[in-house]
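Reading through the structure tokens given below for one structure.
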Amino acid sequence: MSKKTLLITGTSGFIGYNFLKYILTKNYYIIDILREKNKKNYKLKKLKKKYPKNYKSIFFSNNHQLERKIKKLKINYFINFATLYKNNHEYNDIFNFIKSNILFPTLIYDLISQKATKVINFGSMMQHKSSEKFESKNLYSATKNAFEMISNFYSYKEKNTKFYNLKLYESFGKNDNRKKLIPTIISNYKTKKTTIISSKNLELNIIHVNDIINALIILLNNNIKPGSYCLKNNKNIKISKLIENFNKNLKRKIKVKYLKKSVKKIPKSKIKKLPKWKPDNQIIKKIKLNFINENN
């Protein structure tokens with residue numbers, strides 16, 4: 001069977017890089033799109049040496065280069081991992097939000113939508129409250145909603161291309177250095193810092209990065225109906241209980257300060273779970289194992 005060509009953005013990020021490592025072991029030819037500044041990315045250069053026949057990068061510094069380098073590519077699938085996330089924004093962030101979350105993926109969609117048979121975009125449950133309707137929690141989710149509306153145009157225009165939006169709450173995995181709560185707790189424990197948490201009642205819905213990879217493999221290998229799907233765990237994790245559980249077996253306790261901010265319960269999503277996909281319900285054990293490994 002001939003190799004399918006998979007075009008990817010965002011491989012310098014946590015989820016994109018983990019997927020890239022996995023998919024390079026399978027029967028695919030991978031092309032990723034990277035800004036010039038990523039030419040010296042050590043982890044990606046290492047993968048290129050390991051898989052020289054299966055993996056190449058397209059580097060660009062402006063939109064004209066992007067068009068010239070992508071226009072002639074023959075691809076089967078496209079996955080957009082690229083995103084700019086901040087929970088709160090400042091005035092100077094606005095342009096970068098629009099450039100990263102709207103302009104960049106739109107330019108690529110315009111170049112590849114007539115070629116790719118499947119296009120997969122990542123979103124967030126921050127884009128919604130309890131319904132399927134767009135309700136933006138912050139500017140980040142507003143820009144993701146704006147791009148999804150644009151992608152609906154391409155979905156309507158290109159009948160031979162299946163468009164998917166995968167949405168999740170929180171994710172975690174080995175060597176996770178993102179500025180999210182669980183990696184922050186692990187990092188602060190190493191440096192003996194106190195982690196400040198908004199409320200003792202805070203709950204998160206967390207899936208492992210391997211769950212996300214499994215979802216992508218399902219979409220690539222199966223005839224799934226196009227649309228938006230939610231990737232969520234069956235149970236939420238109460239962070240204060242998680243820390244209490246960890247501290248029972250630690251000589252040096254995790255230092256934490258809880259604020260008295262009000263937190264809303266995670267609403268039940270009306271967005272359907274991805275067919276054929278099940279989350280790993282051992283996420284607490286995996287977080288604990290990663291915590292122990294990183295602090296030994």
Side-chain angles (χ1 to χ4, degrees), residues 4 6-26 28 30 32-33 43-44 47 55 76-85 100-101 105 116 118-128 140-141 144 147-148 151 162-184 186 204-222 224-237 266 269 271-290:
K4 299 286 187 181
L6 178 55
L7 186 69
I8 310 177
T9 61
T11 53
S12 60
F14 177 73
I15 297 174
Y17 174 71
N18 275 276
F19 176 75
L20 177 64
K21 277 198 306 181
Y22 174 84
I23 204 68
L24 281 170
T25 66
K26 306 303 175 183
Y28 288 91
I30 310 300
D32 61 4
I33 308 169
K43 293 191 297 184
L44 298 180
L47 286 177
Y55 174 34
N76 301 102
Y77 311 127
F78 171 59
I79 303 177
N80 178 39
F81 290 104
T83 190
L84 174 63
Y85 169 78
S100 298
N101 297 343
K118 292 182 181 180
V119 172
I120 304 168
N121 176 58
F122 274 89
S124 166
M125 288 306 296
M126 283 185 183
Q127 295 173 242
H128 309 272
Y140 158 75
S141 54
K144 297 298 282 187
F147 174 67
E148 199 167 320
S151 73
K162 293 181 178 179
F163 288 83
Y164 302 95
N165 290 294
L166 290 181
K167 305 188 178 184
L168 51 135
Y169 292 94
E170 293 284 342
S171 58
F172 178 75
K174 186 178 178 182
N175 300 319
D176 191 344
N177 296 316
R178 293 173 296 171
K179 292 180 180 179
K180 290 182 174 286
L181 183 56
I182 298 300
T184 299
I186 294 171
L204 296 179
N205 190 283
I206 308 173
I207 59 172
H208 197 271
V209 68
N210 291 346
D211 291 329
I212 300 171
I213 293 170
N214 289 339
L216 290 168
I217 297 305
I218 287 169
L219 285 178
L220 293 175
N221 292 342
N222 293 275
I224 304 292
K225 183 180 178 181
S228 292
Y229 295 100
C230 178
L231 305 180
K232 63 176 292 186
N233 220 313
N234 296 324
K235 291 184 179 180
N236 300 330
I237 297 174
I266 299 171
S269 169
I271 299 175
K272 293 179 181 179
K273 275 191 178 183
L274 181 67
K276 303 178 183 289
W277 178 85
K278 289 183 180 180
D280 179 358
N281 289 316
Q282 302 297 310
I283 185 66
I284 292 177
K285 288 183 179 179
K286 289 192 173 182
I287 293 172
K288 191 171 184 178
L289 181 62
N290 198 79

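- Lys118 approaches Asn222 most closely through the heavy-atom pair NZ-O, 2.8 Å.
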- Stepwise side chain to side chain donor-acceptor pair (under 3.5 Å) check, Asn80 with Asn121: CA-CA 5 Å; Asn80 178 39; Asn121 176 58; 2.9 Å; yes
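- Between Thr9 and Ala82, the closest heavy-atom pair is OG1-N, 3.4 Å.
- The shortest distance between side-chain heavy atoms of Pro279 and Leu231 does not fall below 4.5 Å.
- Listed by chain and residue number, Glu170, Arg178, Pro183 satisfy the side-chain contact (heavy atoms from CB on, under 4.5 Å) test with Lys180 (two or more places apart in sequence, or in another chain).
- Closest approach of Met126 and Tyr85 over heavy atoms only: CE-OH, 3.2 Å.
- Qualifying ring pair (Phe, Tyr, Trp, His ring centres under 6.0 Å) partners for Tyr77, counting only residues two or more places apart in sequence or in other chains: none.
- Of all the heavy atoms in Leu44 and Tyr17, the pair that sits closest is CD2-CD1, 3.9 Å.
- Lys174 places no side-chain N or O within donor-acceptor distance of the main-chain N or O of Asn290, the cut-off being under 3.5 Å.
- Within the 3.5 Å criterion, the main-chain N or O of Ile224 finds a donor-acceptor partner in the side chain of Tyr164.
- Here Ile120 contributes atom CD1 and Leu166 contributes atom CG; the two are 6.5 Å apart, rounded to the nearest 0.5 Å.
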- For the pair His128 and Cys230, evaluate side-chain contact (heavy atoms from CB on, under 4.5 Å) and give the outcome as yes or no after the intermediate values. CA-CA 11 Å; His128 309 272; Cys230 178; over 6 Å; no
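- The salt bridge (charged side-chain N to carboxylate O under 4.0 Å, His left out) test applied to Lys162 returns no partner, not counting sequence neighbours.
- No donor-acceptor pair closer than 3.5 Å links the side chain of Asn233 to the backbone N or O of Asn205.
- Atoms CG and CZ, from Leu216 and Phe19 in turn, are 5.0 Å apart once rounded to the nearest 0.5 Å.
- To the nearest 0.5 Å, atoms CG (Leu219) and CG (Asn214) are separated by 11.5 Å.
- Among residues two or more places apart in sequence or in another chain, the side-chain contact (heavy atoms from CB on, under 4.5 Å) test is passed with Asn18 by Phe14, Lys21, Val209, Ile213.
- Between the CD1 atom in Ile23 and the OG1 atom in Thr25 there is a gap of 7.0 Å [rounded to 0.5 Å].
- Looking at heavy atoms from C-beta onward, Tyr22 lies in side-chain contact with Ile217 at the 4.5 angstrom threshold.
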- Task: Begin from the C-alpha positions of Lys225 and Lys272 and carry the test side-chain contact (heavy atoms from CB on, under 4.5 Å) through to its verdict.
- Result: CA-CA 12 Å; Lys225 183 180 178 181; Lys272 293 179 181 179; over 6 Å; no
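- Using modelled atom types, no side-chain atom of Lys144 and backbone atom of Met125 make a donor-acceptor pair closer than 3.5 Å.
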- Message: Checking Ile287 against Ile206 for the side-chain contact (heavy atoms from CB on, under 4.5 Å) test, could you report, in this order, the C-alpha distance in whole Å, the side-chain angles of both residues, the deciding distance, and whether it holds?
- Response: CA-CA 10 Å; Ile287 293 172; Ile206 308 173; 4.2 Å; yes
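- Here the CG-OH distance, from Leu24 to Tyr55, works out to 7.0 Å after rounding to the nearest 0.5 Å.
- Rounding to the nearest 0.5 Å places OG of Ser12 at 11.5 Å from CZ of Phe81.
- Applying the side-chain contact (heavy atoms from CB on, under 4.5 Å) test to Asn177 and every residue at least two apart in sequence or in another chain returns nothing.
- In terms of heavy atoms, Pro105 sits closest to Asn101 at CG-O, 3.5 Å.
- The two residues Thr83 and Tyr140 come nearest to each other via the heavy atoms OG1-CE1, 3.4 Å.
- Side chains of Ile218 and Tyr229 form no contact here, defined as non-hydrogen atoms less than 4.5 Å apart.
- Residues Ile271 and Lys232 form no side-chain contact, since every pair of their non-hydrogen atoms from C-beta on lies 4.5 Å or further apart.
- With sequence neighbours left out, Leu289 forms a side-chain contact (heavy atoms from CB on, under 4.5 Å) with Asn293.
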- Output, in order, the C-alpha distance, side-chain angles, deciding distance and verdict of side-chain contact (heavy atoms from CB on, under 4.5 Å) for Ile212 and Phe122. CA-CA 10 Å; Ile212 300 171; Phe122 274 89; 3.5 Å; yes
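- For the pair Asp280 and Asn210, the minimum side-chain heavy-atom distance is 4.5 Å or more.
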